[in-house]
Amino acid sequence: MTSNPNRRYRLGVLHGDGIGPEIVPSAVAILDAAFDAAGLDPVEWTELPLGAAAIETHGAHTPAATLEALAGLDAWLLGPHDSVSYPEPHRSQLNPSGTIRKHFQLYANIRPAKAFPGGNAVVEGTDLVIVRENTEGFYADRNTHAGTGEFMPTPDVAIAMGIITRAATERIARTAFELAQARGKKLTIVHKANVLKLTTGLFRTVCREVAADYPDVTVDDFHIDAMTMKLVRKADEFDVIVTENMFGDILSDLAGEIAGSLGIAPSVNSSDTHAMAQAAHGSAPDIAGRNVANPVAMILSSAMLLQWLAAKNDDPRLTDAARRVEDGVTATVTAGTRTRDLGGTASTTEFTDAVVDAIQAA
């Protein structure tokens, strides 16, 4: 695709629940500053209803009108949701992020974990990326076309299906190998093929088959239980990790804390045509409305979204804007302006203002 220097980007804003209405506006403000600094036309933001507020106004946590509007935008920012607090029947339904991921078949969930200098990391030097298959595996809320992969034949028996397909595994494996080629040329496959021989065994086998097309990438593999131990002690030795849905969700939370805090753990969910920035952490209702939440994960998720858009639209200005966001966050944390989870005292808005200032100064 040829770059259009006059292109104006249209991005969706979904505030979500809990701390979402605090950290999403933070990301919006910082993207506005980065676009201005990179010489891009201002973002055309579109706010859409989602979450508890949408239940009150539209009778659904993810209204059909929201999904329809998202399809017409370039990409979007999704805040965390607090679906466990929704009234029934909404609480028992597929949650907002799962609904959007499934609707748009956002099969790749890319979750980096990178330690900041002096940023409270458990393992200094951590700089890895978890590539999580996002459409099947052991997540019963999204591994079937209709209904759910979890059911109860009697009141005393519950059954869940774990679904692994060659097509989905090959797709996510290629995403991971291409990312590894652009980074340290090292990839680790995580599975549980000693016990889940057919399902995660197929996942490992297909990833190994795809590896033949990437001879410059060094490949190893570990069982999920061994991988947790290795991350805690040697996270700095890993580069790209590819795994199925549930294992990837668990490992990315662990990796975020190892890098310093789950509050700095970003992610992007994407297909070949759509993408969504979404912090890896939850809605943190215990600190909602107190202006103390760490917005770094949401900010860096937004920077990842710009990188995805840059590749999709062949627009190096977006790569420049993403770099300005990342550099602004790193400069701010390194200079000592940090929220309390990183050992500082800055509020959400104070941290946001400091990053905006850093971007403008650069």
**Student:** Are Leu106 and Val131 linked, directly or through intermediate hydrophobic residues, by side-chain heavy-atom contacts shorter than 4.5 Å (ILVMFWY only)?
**Tutor:** no
**Student:** When you check the gap from the basic side-chain N to the acidic O, do Lys192 and Asp225 get nearer than 4.0 Å?
**Tutor:** yes
**Student:** Within the structure provided, determine whether Met246 and Leu251 are in side-chain contact (heavy-atom separation under 4.5 Å).
**Tutor:** no
**Student:** Kindly give the heavy-atom pair with the smallest separation between Asp17 and Ser283, and that separation in Å.
**Tutor:** O-CB, 3.9 Å
**Student:** Same cluster for Val217 and Val190 if Ile/Leu/Val/Met/Phe/Trp/Tyr side chains link at under 4.5 Å?
**Tutor:** no
**Student:** State whether a side-chain donor-acceptor pair under 3.5 Å links Tyr9 with Asp41.
**Tutor:** no
**Student:** In chain order, what residues pass the ring pair (Phe, Tyr, Trp, His ring centres under 6.0 Å) check against His81, with sequence neighbours excluded?
**Tutor:** none
**Student:** Quick one: list whatever passes salt bridge (charged side-chain N to carboxylate O under 4.0 Å, His left out) with Asp353, sequence neighbours left out.
**Tutor:** none
**Student:** Got a salt bridge between Arg91 and Glu88, using NZ or NE/NH1/NH2 to carboxylate O under 4.0 Å?
**Tutor:** yes
**Student:** Tell me the closest heavy-atom pair linking Pro63 and Pro49, and the distance in Å.
**Tutor:** CD-O, 3.6 Å
**Student:** Among Thr332, Val296, Thr126, which residue meets the side chain to side chain contact (heavy atoms under 4.5 Å, CB included) test with Phe116?
**Tutor:** Val296
**Student:** Can you confirm whether Ile159 sits close enough to Pro153 that some side-chain heavy atom of one is under 4.5 Å from a side-chain heavy atom of the other?
**Tutor:** yes
**Student:** Please identify each residue that fulfils side chain to side chain donor-acceptor pair (under 3.5 Å) with His191, with sequence neighbours left out.
**Tutor:** Asp221
**Student:** Which other residues end up in the same hydrophobic cluster as Met152, if Ile, Leu, Val, Met, Phe, Trp and Tyr are linked when side-chain heavy atoms come under 4.5 Å apart?
**Tutor:** none
**Student:** Establish, from distance only, whether the side-chain atoms of Glu133 and Thr135 form a donor-acceptor pair under 3.5 Å.
**Tutor:** yes
**Student:** Test of understanding: with ring pair (Phe, Tyr, Trp, His ring centres under 6.0 Å), list the residues that count as partners of Tyr214, not counting sequence neighbours.
**Tutor:** Phe177
**Student:** Which atom pairs, one a donor and one an acceptor, fall under 3.5 Å between side chains of residues 302-311 and the rest of the protein, sequence neighbours left out?
**Tutor:**
from: Ser302; atom 1: OG; to: Met298; atom 2: O; distance (Å): 2.9

**Student:** Sequence neighbours excluded, which residues qualify as salt bridge (charged side-chain N to carboxylate O under 4.0 Å, His left out) partners of Asp32?
**Tutor:** none
**Student:** Could you tell me whether the side chains of Tyr139 and Asp249 share a donor-acceptor contact shorter than 3.5 Å?
**Tutor:** yes
**Student:** List for me each residue that meets side chain to side chain donor-acceptor pair (under 3.5 Å) alongside Ser85, sequence neighbours excluded, and say none if there are none.
**Tutor:** Asp82
**Student:** Taking only Lys NZ, Arg NE, NH1 and NH2, and the carboxylate oxygens of Asp or Glu, determine whether Arg166 and Glu209 approach each other closer than 4.0 Å.
**Tutor:** yes
**Student:** Under 6.0 Å between ring centres, would you say that holds for Phe104 and Trp76?
**Tutor:** yes
**Student:** Can you list the residues that meet the salt bridge (charged side-chain N to carboxylate O under 4.0 Å, His left out) rule with Asp127, with sequence neighbours excluded?
**Tutor:** Arg183
**Student:** Relative to Phe238, does Lys230 satisfy both conditions: NZ or CZ under 6.0 angstrom from the six-membered ring centre, and within 45 degrees of the ring's axis?
**Tutor:** no
**Student:** Looking at Asp213 and Arg174, is any side-chain nitrogen of the basic one under 4.0 Å from a carboxylate oxygen of the acidic one?
**Tutor:** yes
**Student:** Looking at every heavy atom in both Leu128 and Ile241, which two are closest together, and how far apart are they?
**Tutor:** CD1-CD1, 4.3 Å
**Student:** Would Arg338 pass as a cation-pi partner of Phe351, given that its NZ or CZ must be under 6.0 Å from the six-membered ring centre and within 45 degrees of the axis?
**Tutor:** no
**Student:** If the condition is side chain to side chain donor-acceptor pair (under 3.5 Å), which residues does Asn194 pass it with, not counting sequence neighbours?
**Tutor:** none
**Student:** State, without any angle test, whether Thr349 and Asn291 hold a side-chain donor-acceptor pair at a distance under 3.5 Å.
**Tutor:** yes
**Student:** State, with a plain yes or no, whether a side-chain heavy atom of Asp253 is found less than 4.5 Å away from one of Arg111.
**Tutor:** yes
**Student:** Would you kindly say whether Asn245 and Glu136 are connected by a side-chain donor-acceptor distance under 3.5 Å?
**Tutor:** no
**Student:** Among Thr62, Ile55, Asn95, find the residue that satisfies the side chain to side chain contact (heavy atoms under 4.5 Å, CB included) test when tested with His90.
**Tutor:** Ile55
**Student:** Under the salt bridge (charged side-chain N to carboxylate O under 4.0 Å, His left out) test, which residues partner Glu178, sequence neighbours left out?
**Tutor:** none
**Student:** Hey, does Ile23 have a side-chain heavy atom less than 4.5 Å from the side chain of His281?
**Tutor:** yes
**Student:** When you group the ILVMFWY residues by side-chain heavy-atom contacts below 4.5 Å and let the links chain together, are Val242 and Ile224 in the same group?
**Tutor:** no
**Student:** Quick one: list whatever passes side chain to side chain donor-acceptor pair (under 3.5 Å) with Asn269, sequence neighbours left out.
**Tutor:** Arg101, Asn109, Asn134, Gln278
**Student:** May I ask you to decide whether Asp320 forms a salt bridge with Arg323, counting only side-chain N to carboxylate O separations under 4.0 Å?
**Tutor:** yes
